[in-house]
Amino acid sequence: MSLTLYNTLTRSKQPFEPIDSERVTMYVCGPTVYNRVHIGNARPAVVFDTLYRVLNTLYPKVEYARNITDIDDKIMKTAAELGENISALSARYAQAYFDDMAALNNLSPTIVPYATQHIPEMINMVARLIDKGHAYNIDNGIEGEQGHVLFAVQSMADYGALSGRSLDDMLAGARVEVASYKKYAGDFVLWKPSADNEPGWDSPWGRGRPGWHLECSAMIEKHLGDSIDIHGGGQDLIFPHHENEIAQSCCAHDGKPFANIWMHNGFINIEGEKMSKSLGNFRMVNDLLEQYPGEVLRYVILSAHYRSEQNFGKDLLDSAWRSLDTLYGFLRTQNDTQAASVDISDSDAYSALLDDLNTPMAISELHKLAREMHCAEGANLPLAKGRLLAIAGLMGLLQQNPEEWFTLSRGGDDISAEQVEALIAKRNQAKADKDYAGADVVREELKLLGVVLEDSREGTKWRRG
RNA sequence: GGCGCGGUAGCAAAGUGGUAAUGCUGUGGACUGCAACUCCGCCAUCGUCGGUUCGAUUCCGACCCGCGCCUCCA
């Protein structure tokens with residue numbers, strides 16, 4: 001029973017062997033907090049949260065860090081537009097991010113480092129990189145150039161290993177104008193000067209702020225160590241962000257390996273198109289949460305393999321909701337059954353998760369387990385329920401009370417539970433009187449209010465649907 | 001131009017060298033006063049063309065189609 005993960009670095013699946021099995025380390029790139037996050041930001045959070053849960057079944061201690069980038073030009077721009085204090089703005093959106101992620105049943109990472117709280121560590125790393133000849137600062141007194149510190153990519157032999165590019169290739173397709181002060185076109189910024197009206201910190205190279213890639217390297221070094229087990233993020237971060245992180249960290253540590261396994265989740269598209277400003281098709285998590293339970297979003301994300309592209313759309317969300325209704329429906333009939341604690345290590349679902357986080361397979365097994373529970377009798381019932389909930393729990397699914405699940409608001413103006421119960425009582429009286437027409441009128445009335453009735457031997461259950 | 005990914009039922013999505021999980025939808029039936037839920041059944045030959053093989057959706061090659069990245073977008 002061992003974990004296998006796909007490593008972007010080697011472009012193959014490989015057995016996971018932690019550097020220190022007493023302390024497994026994982027770092028995932030978090031959001032830049034200048035806006036509410038969209039569903040694409042939620043994917044890595046859900047995927048790596050699931051991996052975190054799985055790792056916790058295998059190792060006694062897992063250190064999972066997910067950063068908050070709270071200093072960035074986009075934040076500065078937004079703050080200026082809104083006339084809001086930068087730190088207030090970033091704090092507001094960081095909290096919004098936490099709220100959104102919690103709504104998707106993501107556990108809190110063990111460490112949530114903020115970029116602005118690690119400026120000394122970043123400056124220290126830049127200084128070391130300069131000392132070791134991997135970086136240089138621009139000290140020519142020219143306005144707009146003075147105060148930059150750049151990483152010299154040519155100083156690193158295997159720069160480009162993660163993204164599989166040679167330096168020549170990178171420059172051949174470059175779409176961006178090269179700043180003239182760079183010694184080499186591919187060099188990237190470690191530290192940049194701040195104008196008086198911009199946020200900045202004093203440094204040996206003048207008042208300025210860190211480049212984007214630097215914060216992750218510095219925070220990983222501080223909280224997780226020079227070498228970590230797993231580094232994750234979206235596929236788009238492979239180049240340049242992760243490539244540059246590797247450059248910074250490896251060179252600061254004299255060539256020590258940085259992350260053993262690099263994992264990258266695929267993109268989420270909307271109705272077949274990439275989310276983009278020009279298309280105006282961003283789907284913000286908090287907007288979706290007004291129409292769908294967070295668990296539906298999570299189920300959708302987990303219903304595709306994390307490395308593949310996923311196409312978000314209304315059909316998918318509705319379908320996921322129906323699927324969860326079925327699963328919760330089974331659990332609802334066993335609400336009085338006490339789930340037994342069980343060993344899931346030999347289950348197909350667990351094996352699927354260990355196989356590079358094959359969540360679609362695991363969800364498939366989840367449905368089989370639900371059906372097994374549905375068919376189980378006697379002493380097998382608590383065991384079957386235990387298995388179902390344990391596997392589901394590894395994916396952050398099916399953890400709420402089924403009764404509450406079915407009475408969750410599904411958007412629109414909801415009739416209160418008391419009113420529903422009153423109408424059900426009225427209908428049951430009509431049924432008792434053999435006034436089926438009258439009973440159907442009530443049921444139809446409820447249906448129009450978004451409430452579906454289910455008669456059973458134990459009485460009438462209802463759900464919003 | 002460089003690097004990389006993908007094309008499986010109406011939709012979504014796994015998977016395997018020996019004729020394809022699972023969910024949603026649709027559909028036939030059972031159950032039900034009627035429904036709903038649930039249960040039983042049905043609905044694909046895996047982009048195209050070749051090759052390797054006893055046998056390929058799964059390996060190799062070509063082609064067609066779609067997509068991503070190439071300096072700050074998860």
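Every value quoted in this text rests on a predicted model; they were computed, and no experiment measured them. Only heavy atoms go into these numbers, but all of them, side chains included; no hydrogens, no water, no symmetry mates. Proteins get letters first, then strands, A, B, ... in listed order; numbering begins at 1 in each.
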* To do: Round to a whole Å and report the spacing from CD of A:Glu243 to P of B:G4.
  => 13 Å
* **Pairing partner (Watson-Crick or G-U wobble, both distances under 3.5 angstrom) of B:A56** => none
* Look at A:Thr460 and B:A36 and indicate whether a side-chain polar atom (N or O) is within less than 4.0 Å of OP1 or OP2. => no
* To do: Determine the contact category for A:Gly329: base if any of its heavy atoms lies under 4.0 Å from a base atom, sugar-phosphate if only primed atoms, P, OP1 or OP2 are that close, otherwise nothing.
  => nothing
* **Pairwise C1' distance for B:A35 and B:G47, with rounding to whole Å** => 44 Å
* To do: Considering only atom P, compute the distance from B:U53 to B:U45 and round it to an integer number of Å.
  => 28 Å
* Within the structure shown, what part of the strands sits under 4.0 Å from A:His241 by heavy-atom distance: base, sugar-phosphate, or nothing? -> nothing
* Asked: Where the side chain of A:Pro360 is concerned, which of B:C72, B:A35, B:A14 is the nearest nucleotide?
  -> B:A14
* Asked: Are A:Arg165 and A:Phe239 in a cation-pi contact, defined as NZ or CZ under 6.0 Å from the six-membered ring centre and within 45° of the axis?
  -> yes
* Compare the minimum distances between each of B:G33, B:G15, B:A35 and the side chain of A:Asn358, then state the nucleotide with the smallest one. => B:G15
* From CG (A:Leu449) to CD1 (A:Ile415), nearest 0.5 Å -> 4.5 Å
* Asked: Side chain of A:Met275: nearest nucleotide among B:A74, B:C39, B:C69?
  -> B:A74
* Drop me the distance from A:Asn35's CG to A:Leu89's CG, to the nearest 0.5 angstrom. => 9.0 Å
* When the distance from CG of A:Asp187 to P of B:C70 is rounded to whole Å, what number comes out? -> 18 Å
* Would you say the base of B:C37 and the side-chain of A:Arg463 have a donor-acceptor pair closer than 3.5 Å? -> no
* To do: Hunt down the Watson-Crick or G-U wobble partner of B:C63, both distances under 3.5 Å, from any strand shown, or write none.
  => B:G47
* B:C24 versus B:A74 - spacing of their C1' atoms, nearest Å -> 27 Å
* **A:Arg322 side-chain proximity, nearest of B:A74, B:C34, B:C24** => B:C24
* May I ask you to say what A:Ile268 touches in the nucleic acid, namely base, sugar-phosphate or nothing, with a heavy-atom cut-off under 4.0 Å? => base
* Structure fact -> Quick note, A:Lys74 side chain, CB onward, closest among B:C73, B:C67, B:A21 is B:C73
* **A:Asp49 and A:Tyr64 side chains, donor-acceptor separation under 3.5 Å** => no
* To do: Could you work out the separation of B:C11 and B:G1 based on their C1' atoms and round it to a whole Å?
  => 38 Å
* Asked: Which nucleotides of nucleotides 5-12 of chain B have their base under 4.0 Å from a protein heavy atom (B), which only their sugar-phosphate (S), and which neither (-), written as one string 5' to 3'?
  -> -------S
* Asked: Contact class for A:Arg43 vs. all strands (heavy atom < 4.0 Å): base, sugar-phosphate, or nothing?
  -> nothing
* Pairing nucleotide - B:C39, Watson-Crick or G-U, each distance under 3.5 Å -> B:G29
* Asked: Side-chain donor-acceptor pair under 3.5 Å between A:Gln399 and A:Asn105, yes or no?
  -> no
* **Whole-Å P distance, B:G50 and B:U58** => 14 Å
* Could you tell me the separation between the CE atom of A:Met284 and the CG atom of A:Asn41, rounded to the nearest 0.5 Å? => 7.5 Å
* Face-on cation placement of A:Arg66 at A:Phe48 ring, 6.0 Å and 45° thresholds -> no
* Asked: What integer distance in Å separates A:Asp236:CG from B:C3:P?
  -> 21 Å
* Rounded to the nearest angstrom, tell me the gap between atom CH2 in A:Trp462 and atom P in B:C37. => 17 Å
* Can you tell which of B:A36, B:C67, B:C39 lies closest to the side chain of A:Phe330? -> B:C39
* Please give, in whole Å, the distance from B:U71 C1' to A:Leu214 CG? -> 15 Å
* Asked: Is there a Watson-Crick or G-U wobble partner for B:A14 with both distances under 3.5 Å, and which nucleotide is it?
  -> none
* Asked: What about A:Arg443, does its side chain sit under 3.5 Å from the base of B:A35 through a donor-acceptor pair?
  -> yes
* To do: Determine the contact category for A:Ser308: base if any of its heavy atoms lies under 4.0 Å from a base atom, sugar-phosphate if only primed atoms, P, OP1 or OP2 are that close, otherwise nothing.
  => sugar-phosphate
* Structure fact -> In this structure, CG of A:Asp236 is separated from NE2 of A:His242 (nearest 0.5 Å) by 8.5 Å
* To do: Starting at atom CD1 of A:Ile363, determine the distance to atom P of B:C24, rounded to an integer number of angstrom.
  => 12 Å
* B:U8 to B:A13 separation - P atoms, rounded to the nearest Å -> 9 Å
* Base B:C73 paired with A:Lys274 side chain (donor-acceptor, <3.5 Å) -> yes
* Asked: From A:Gln248 CD over to A:Met125 CE, what is the distance, rounded to the nearest 0.5 angstrom?
  -> 7.0 Å
* To do: Calculate the interatomic distance between A:Asp440 atom CG and B:C34 atom P; express it in whole Å.
  => 11 Å
* Asked: Heavy atoms under 4.0 Å, any strand shown: does A:His38 hit a base, just sugar-phosphate, or nothing?
  -> base
* Classify the nucleic acid contact of A:Arg371 as base, sugar-phosphate or nothing, counting any heavy atom under 4.0 Å across all strands shown. => sugar-phosphate
* Asked: Across all strands shown, which nucleotide pairs with B:C34 by Watson-Crick or G-U wobble geometry, both distances under 3.5 Å?
  -> none
* Contact class for A:His305 (heavy atom, under 4.0 Å): base, sugar-phosphate, or nothing? -> sugar-phosphate
* **Span that lies between the P atom of B:C43 and that of B:C5, in whole angstrom** => 36 Å
* Looking across every strand, which nucleic acid part, if any, lies under 4.0 Å from A:Lys314 by heavy atom: base, sugar-phosphate, or nothing? -> nothing
* Can you figure out which of B:G33, B:U22, B:U38 approaches the side chain of A:Thr326 most closely? => B:U38
* Asked: Of all the nucleotides listed (B:C72, B:C70, B:A13), which has the minimum atom distance to the side chain of A:Asp72?
  -> B:C72
* Kindly compute the distance separating NZ (A:Lys368) from CG (A:Leu388), expressed to the nearest 0.5 Å. => 14.0 Å
* Assess the side chains of A:Tyr93 and A:Asp70: does a donor N or O sit below 3.5 Å from an acceptor N or O? => no
* Any side-chain N or O of A:Lys182 under 4.0 Å from OP1/OP2 of B:U71? -> no
* Asked: Does the side chain of A:Tyr27 come under 3.5 Å of the side chain of A:Glu245 through a donor N or O and an acceptor N or O?
  -> no
* Rounded interatomic separation in angstrom, taking CG from A:Leu453 and P from B:U32 -> 19 Å
* To do: With heavy atoms under 4.0 Å as the rule, sort A:Lys434 into base, sugar-phosphate or nothing.
  => nothing
* Structure fact -> Paired to B:C3 by Watson-Crick or G-U wobble criteria (both distances under 3.5 Å) is B:G68
* Identify whether any heavy atom of A:Ser456 sits under 4.0 Å from a base atom; if not, whether one sits that close to sugar-phosphate; answer base, sugar-phosphate or nothing. => nothing
* To do: For nucleotides B:C31 and B:A14, find the distance between their C1' atoms and express it as a whole number of Å.
  => 33 Å
